[in-house]
There are 2 protein chains.
Amino acid sequence: MKRKSLEGNACPVARSLDVIGDCWSLLIVRSAITGTRRFTQFQTELGIAKNILTIRLKALVAHNILVPAAASDGSAYKEYVLTRKGKDLFPVLVALRQWGEVHLFEGSAPGLRLVEKKTGHLVPLTRIRSSEGRALRPEDTQLMKIK
Amino acid sequence: MKRKSLEGNACPVARSLDVIGDCWSLLIVRSAITGTRRFTQFQTELGIAKNILTIRLKALVAHNILVPAAASDGSAYKEYVLTRKGKDLFPVLVALRQWGEVHLFEGSAPGLRLVEKKTGHLVPLTRIRSSEGRALRPEDTQLMKIK
DNA sequence: CCGTATCCATTCCGATACTG
DNA sequence: CAGTATCGGAATGGATACGG
């Protein structure tokens with residue numbers, strides 16, 4: 001039977017996962033955020049098969065996360081650049097990165113760290129914080145019905 | 001051919017996606033964060049098939065994101081409670097929720113909003129901010145090699 | 001260099017029926 | 001209530017060959 005679409009789901013989390021909930025989409029966005037723009041660049045960086053990459057890129061373009069553009073160096077090929085919607089996925093990637101660094105590296109440290117350009121902080125990672133500056137935790141929030 | 005495992009990948013984002021990069025895992029964690037603990041509760045809330053739920057719960061337990069515990073009400077059944085590792089996925093869910101609310105609801109507003117318990121802020125959503133209090137954006141950061 | 005087209009294996013997911 | 005067992009369909013992903 002057909003896989004259930006979460007597109008019309010009331011939960012924003014479900015809808016998001018419906019769009020970028022597969023293995024490759026977020027990794028492609030991550031590469032794009034760090035400057036990758038060309039097909040082969042994505043392909044070699046991620047080690048993804050070309051046909052899969054084609055499909056994923058098309059889906060991301062269809063969802064308006066990437067936009068095809070003329071090559072900046074004058075060559076005849078396309079480039080893929082992030083839209084605002086695509087850039088807005090950045091916090092998701094930061095959150096995933098943090099979680100992975102804290103919980104998925106037993107002993108072996110990751111080779112890259114994300115630092116704030118402005119401050120250049122040497123802290124392991126820019127931390128996601130609530131408006132008070134404390135780390136955001138489940139206990140800080142509650143789910144309220146609005147009307 | 002076998003799906004490529006990202007388990008040993010150097011990128012924390014890739015490793016995270018390898019663990020919780022499927023459709024259901026994060027939705028189960030989201031339910032768990034809002035208080036769901038029982039098998040059938042998960043099943044009816046999410047509309048997931050029981051066999052799939054079984055598989056996903058087992059995987060989450062294997063990854064130490066959930067832990068089986070004796071039922072709190074004295075009944076003979078198990079409950080699934082979040083570990084610290086599981087709770088730490090909260091920022092990921094908040095980020096996904098925010099992105100979904102901003103970009104995936106054309107006209108139709110979501111029925112729930114997340115507010116800070118302490119302040120009870122009526123703002124649309126607790127926003128993810130960098131340490132300066134501004135919304136975190138790609139331009140605020142850079143990737144640095146450490147050694 | 002940038003894809004597209006096939007082919008194939010694996011995995012995922014849903015429905016249903018069944019057990020204690 | 002909490003699963004397990006089985007089935008089939010669909011989607012995913014990889015390898016490779018091919019064309020602009």
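- A donor-acceptor pair shorter than 3.5 Å can be found between the side chains of A:D22 and A:S25.
- If you take CD1 of B:I55 and C1' of D:dT4, they are 10 Å apart, rounded to a whole angstrom.
- Side-chain nitrogen and oxygen atoms of A:T54 include none within less than 4.0 Å of the OP1 or OP2 phosphate oxygen of C:dG3.
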Protein-nucleotides 16-19 of chain C N/O pairs closer than 3.5 Å?
none

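- At a threshold of 4.5 Å between side-chain heavy atoms, the hydrophobic network of Ile, Leu, Val, Met, Phe, Trp and Tyr places A:L89 and A:V81 in two separate groups.
- The hydrophobic cluster containing A:V61 also contains A:L53, counting ILVMFWY residues as joined when their side-chain heavy atoms lie under 4.5 angstrom apart, directly or transitively.
- Note: CD (B:Q43) to C1' (D:dA2) measures 10 Å, nearest angstrom.
- Checked options A:Q43, A:E45, A:R30; the residue passing with A:T36 is A:E45 (criterion: side-chain hydrogen bond (donor to acceptor under 3.5 Å, both in side chains)).
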Check step by step if side-chain contact (heavy atoms from CB on, under 4.5 Å) holds for B:R37 and B:Y80.
CA-CA 5 Å; B:R37 292 160 155 258; B:Y80 298 88; 5.9 Å; no
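- Annotation: cation-pi geometry satisfied between A:R15 and B:F105 (NZ/CZ under 6.0 angstrom from ring centroid, within 45° of ring axis).
- Checking the phosphate oxygens (OP1, OP2) of C:dC2, no side-chain nitrogen or oxygen of A:Y80 falls inside 4.0 Å.
- Spacing between atom CD1 of A:I52 and atom P of C:dC8 amounts to 16 Å, rounded to whole angstrom units.
- Under the 4.5 Å side-chain heavy-atom criterion for Ile, Leu, Val, Met, Phe, Trp and Tyr, A:I33 and B:V92 are members of the same hydrophobic cluster.
- Within the 3.5 Å criterion, the main-chain N or O of A:F42 finds no donor-acceptor partner in the side chain of A:S31.
- Contact check, A:R38 against C:dC2: a side-chain N or O comes under 4.0 Å of OP1 or OP2.
- Here B:F42 lies out of heavy-atom contact (under 4.0 Å) with every strand.
- A:K58 has its NZ atom 12 Å from the C1' atom of C:dC2, to the nearest Å.
- Distance CZ (B:R37) to P (D:dA2): 13 Å, rounded to an integer number of Å.
- B:L53 has its CG atom 13 Å from the C1' atom of D:dC1, to the nearest Å.
- Taking a 4.0 Å limit (strictly below) on heavy-atom distances, residues 17-30 of chain B reaches DNA chain C at B:C23, B:W24.
- Residue B:I48 places its side chain closer to C:dG14 than to any other of D:dC1, C:dG14, C:dC1.
- For A:Q41 and C:dC1, the CD to P distance is 10 Å, given to the nearest whole Å.
- Although no hydrogens or angles enter the test, the distance criterion places a donor-acceptor pair under 3.5 Å between the side chain of A:T83 and the main chain of A:I65.
- As a whole-Å value, the separation of B:L46 CG from C:dC13 P is 12 Å.
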